[in-house]
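For reference, the structure is listed below as structure tokens.
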Amino acid sequence: MLNFLRPAVAKVLNPLGQALARTPVTPNMITVAGTVGVSACALSLFPIGELFPGAFGCTVFVLTDMLDGTLARIKGTSGPWGQFLDSTMDRIADAAIFGGLTIWFARTHDLTMAMVTLFCLACGFCVSYVKARAEGVGLKADVGLIERPERMLIALTSVGVFGLGVPFIMTIGLWALAAGSLFTLGQRFWAVWQDAKAKTRQAAPDKRKAGV
């Protein structure tokens with residue numbers, strides 16, 4: 001959904017990537033450092049109610065983490081291991097963000113929002129898993145209203161603005177994120193089912209021609 005922002009983001013990240021390409025820093029270093037930074041901010045600040053500093057710190061490291069892909073393209077070092085590491089680190093960062101928020105809601109006895117936050121985490125994991133599993137069996141699931149960039153934007157913006165004193169914005173944001181993530185999960189299930197049906201129909205004539 002945020003693909004229209006990619007050219008603007010690329011204009012900012014490309015000069016940084018060019019500068020880093022002249023150093024020994026690797027894309028994998030940036031990937032891990034970004035995840036460590038996000039996790040440290042989320043798990044140290046969210047549980048004690050420091051919502052704006054936590055959201056701001058997480059946002060900085062999320063944006064920093066986006067450099068890994070840019071640097072990999074510039075250095076020509078992208079590959080299966082880097083893609084695997086990036087995807088895995090993203091899941092860890094997501095768990096830290098929503099886990100930290102869940103702890104804070106539990107500590108403030110807001111069990112409803114704690115459950116909503118856990119649902120956002122679980123549904124986000126499922127959205128990513130469905131795509132990865134579908135691609136693993138040769139099916140397409142490249143659709144979705146709320147993907148990871150959107151999840152991070154909605155969650156961190158609503159939490160940060162609430163931390164500045166704007167009431168209800170975090171509740172609205174997390175409920176919207178939960179609904180959007182569930183919708184996206186449904187979109188991907190539907191896309192995979194449709195692709196599977198299409199491939200089955202294509203395979204049937206081939207089998208008849210082969211005399212199977």
Side-chain angles (χ1 to χ4, degrees), residues 1-3 28 31-47 51 54-55 57-59 61-66 68-69 80-106 110-160 170-196:
M1 194 172 83
L2 294 178
N3 288 337
N28 292 343
T31 299
V32 174
T35 300
V36 170
V38 169
S39 300
C41 290
L43 295 176
S44 65
L45 296 173
F46 287 158
L51 300 182
C58 287
T59 301
F61 282 107
V62 166
L63 293 174
T64 300
D65 181 57
M66 294 171 65
D68 57 3
W81 166 247
Q83 295 169 11
F84 166 81
L85 182 66
D86 186 59
S87 179
T88 302
M89 292 295 104
D90 284 348
R91 303 291 80 74
I92 294 172
D94 291 355
I97 289 170
F98 290 102
L101 290 172
T102 300
I103 293 171
W104 182 71
F105 283 126
D110 192 342
L111 297 184
T112 298
M113 288 309 301
M115 289 187 289
V116 170
T117 307
L118 280 177
F119 181 84
C120 290
L121 174 60
C123 208
F125 271 39
C126 289
V127 166
S128 298
Y129 174 78
V130 166
K131 183 177 181 179
R133 189 70 185 100
E135 291 174 346
V137 297
L139 299 173
K140 294 180 180 179
D142 51 352
V143 297
L145 176 68
I146 304 292
E147 298 183 290
R148 188 173 188 263
E150 290 82 11
R151 290 199 299 273
M152 293 297 98
L153 176 65
I154 294 170
L156 294 176
T157 300
S158 60
V159 171
M170 181 167 61
T171 299
I172 294 170
L174 291 176
W175 274 105
L177 179 56
S181 297
L182 183 60
F183 180 79
T184 302
L185 185 59
Q187 280 183 298
R188 290 196 169 173
F189 266 105
W190 177 258
V192 173
W193 182 59
Q194 291 289 94
D195 195 33

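Only heavy atoms go into these numbers, but all of them, side chains included; no hydrogens, no water, no symmetry mates.
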Problem - Residue pair Phe125 / Ala95: nearest heavy atoms and the distance that separates them - result: CZ-CB, 4.1 Å

Practice task
Find out whether Met113 and Val116 are in side-chain contact, i.e. whether some heavy atom of one side chain is under 4.5 Å from a heavy atom of the other.
Solution key: yes

Problem - Minimum side-chain heavy-atom gap Leu118-Phe105 below 4.5 Å - result: no

Practice task
Heavy atoms only: give me the nearest Gly34-Phe61 pair and the separation to one decimal.
Solution key: O-CB, 3.7 Å

Donor-acceptor list for residues 187-195 side chains, cut-off 3.5 Å, not counting sequence neighbours:
from, atom 1, to, atom 2, distance (Å)
Gln187, OE1, Leu145, N, 2.8
Arg188, NE, Ala141, O, 3.3
Arg188, NE, Val143, O, 2.7
Arg188, NH1, Val127, O, 2.8
Arg188, NH2, Val143, O, 3.2
Arg188, NH2, Glu147, OE2, 2.6
Asp195, OD1, Lys199, NZ, 3.1
Asp195, OD2, Lys140, N, 2.8
Asp195, OD2, Lys199, NZ, 3.1

Handout entry: Close side-chain approach of Met170 and Leu51, heavy atoms under 4.5 Å
Key = yes

Fill in the blank from the handout: Output for pair (Leu139 CG, Arg133 CZ), nearest 0.5 Å, gives 9.5 Å

Practice task
Could you pull out the closest heavy-atom pair between Ala42 and Pro47, with the gap in Å?
Solution key: O-CD, 3.2 Å

Practice task
Compare all side-chain heavy atoms of Phe46 with those of Ile103 and state whether any distance is below 4.5 angstrom.
Solution key: no

Handout entry: Exam field: side chain Thr31 to backbone Asp68, donor-acceptor pair closer than 3.5 Å
Key = no

Exercise for the section: Report the C-alpha separation of Ile154 and Ile146 in whole Å, then their side-chain angles, then the decisive distance to 0.1 Å, and conclude whether the side chain to side chain contact (heavy atoms under 4.5 Å, CB included) test is met. Expected result: CA-CA 9 Å; Ile154 294 170; Ile146 304 292; 4.0 Å; yes

Practice task
Have a look at Cys120 and tell me which of Leu177, Leu101, Leu182 forms a side-chain contact (heavy atoms from CB on, under 4.5 Å) with it.
Solution key: Leu177

Problem - Rounded distance (nearest 0.5 Å) linking atom SG of Cys126 with atom CZ of Phe119 - result: 8.5 Å

Exercise for the section: Determine which pairs satisfy salt bridge (charged side-chain N to carboxylate O under 4.0 Å, His left out) with at least one residue from residues 88-100, sequence neighbours left out, and list them in order. Expected result: Asp90-Arg148, Arg91-Asp94, Asp94-Arg148, Asp94-Arg151

Practice task
Output yes when a side-chain donor or acceptor of Ser158 lies under 3.5 Å from a complementary backbone atom of Ala155, and no otherwise.
Solution key: yes

Exercise for the section: Measure across Leu185 and Cys123 and return the closest heavy-atom pair with its distance rounded to 0.1 Å. Expected result: CD2-SG, 4.2 Å

Problem - Residue pair Ile97 / Val159, side-chain heavy-atom distance below 4.5 Å - result: no

Fill in the blank from the handout: Separation between CE (Met152) and CG (Leu63), nearest 0.5 Å, reads 11.5 Å

Problem - Sub-4.5 Å side-chain heavy-atom contact between Val32 and Leu85 - result: yes

Fill in the blank from the handout: To the nearest 0.5 Å, atom OG1 of Thr117 lies from atom CG of Asp110 at 8.5 Å

Exercise for the section: Give a yes or no on whether Phe183 atom CZ has more than 12 heavy-atom contacts from other residues, nucleotides or ligands under 6.0 Å away. Expected result: no

Problem - Ser87 side chain to Gln83 backbone, donor-acceptor under 3.5 Å - result: no

Problem - OG1 on Thr35 to CG on Asp86, rounded to 0.5 Å - result: 7.5 Å

